[in-house]
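Below is one structure; the comments refer to it alone.
Since we're looking at a predicted model, the values are computed, not measured. Naming: A, B, ... by sequence-line order, numbering from 1 per chain.
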Number of protein chains: 2
Amino acid sequence: MKTKIKEYRAKNNMTQLELAKEVGVRRETISFLEKGEYNPSLKLATKIARQFHVSIEELFIFEDSDLD
Amino acid sequence: MKTKIKEYRAKNNMTQLELAKEVGVRRETISFLEKGEYNPSLKLATKIARQFHVSIEELFIFEDSDLD
DNA sequence: TCCTAACGTTAGAAATATATAACATTACGT
DNA sequence: ACGTAATGTTATATATTTCTAACGTTAGGA
């Protein structure tokens, strides 16, 4: 899975810690997410997408090969 | 969280078991999901949305109160 | 250079999604 | 009414996300 979290964070001049607080998780969670190291819950994905006013699909990109 | 999985399953004449097999989970998982009893992984949500050719946001509806 | 903020990363605990197996119930066709 | 498919539901096990605490690295400002 790829994600544009880092890009949108930059656009909004936001640090990992700030984003983490906004969406109620730890900074490390954001760090791992940005690296695509895990597959967030839909709830967390929804919170982050809303934070940036974008769709989930815009923020998280799944290749077909990611869906096995 | 609310979901339209059941509706889309009906539209497509699909049983829980068939959907479960398509997206690679157990029938019970679909059953619990349809009842909004838990919060799927983004990967699973993506698979189900693609199965029905709809967006994740169309299929899974979060009220603000669901996001606490 | 020193200090600090931001980010990377690791290891283990805690929480929760999902699997598994089993049984109950509902609905529908014959 | 019977048989069967579809769904509901429970309990326990397993897998994975997320938390927590800690330490390392990098970049920038004073």
Sidechain-backbone polar pair: [X] side chain, [Y] backbone, donor-acceptor under 3.5 Å:
| X | Y | result |
| --- | --- | --- |
| A/D66 | A/E63 | yes |
| A/T3 | A/L59 | yes |
| A/R27 | A/Q16 | no |
| A/E57 | B/I56 | yes |
| B/K47 | A/L67 | yes |

May I ask you to establish whether B/K35 and B/F32 are in a cation-pi arrangement, using a distance under 6.0 Å from NZ or CZ to the six-membered ring centre and at most 45° from the ring axis?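 Judged by the rule (NZ or CZ under 6.0 Å from the ring centre, within 45° of its axis), B/K35 is not positioned above B/F32.
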Once you round it to whole Å, what is the distance between [atom2] of [N] and [atom1] of [X]?
| X | N | atom1 | atom2 | result |
| --- | --- | --- | --- | --- |
| B/N39 | C/dT18 | CG | P | 8 Å |
| B/L44 | C/dT16 | CG | P | 18 Å |
| A/N13 | C/dA6 | CG | C1' | 13 Å |
| A/K21 | D/dC19 | NZ | C1' | 16 Å |
| A/K43 | D/dT16 | NZ | C1' | 17 Å |
| B/L19 | C/dT18 | CG | P | 13 Å |
| B/M1 | C/dT16 | CE | C1' | 14 Å |
| B/I30 | C/dT18 | CD1 | P | 9 Å |

Any [X] side-chain nitrogen or oxygen under 4.0 Å from OP1 or OP2 of [N]:
| X | N | result |
| --- | --- | --- |
| A/S41 | D/dT18 | yes |
| B/R26 | C/dT20 | yes |
| B/T29 | C/dA19 | yes |

Name the closest nucleotide to the B/Y38 side chain, picking from D/dT17, C/dA17, C/dA21.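 Nearest to the side-chain atoms of B/Y38, counting from C-beta on, is C/dA17.
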Nucleic acid footprint by protein, nucleotides 5-14 of chain D - heavy-atom cut-off 4.0 Å, B for base, S for sugar-phosphate alone: -SBBBB----
Polar side chain donor-acceptor pair, B/Y8 to B/E58, under 3.5 angstrom: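 The criterion, which ignores hydrogens and geometry beyond distance, is satisfied for B/E58 and B/Y8.
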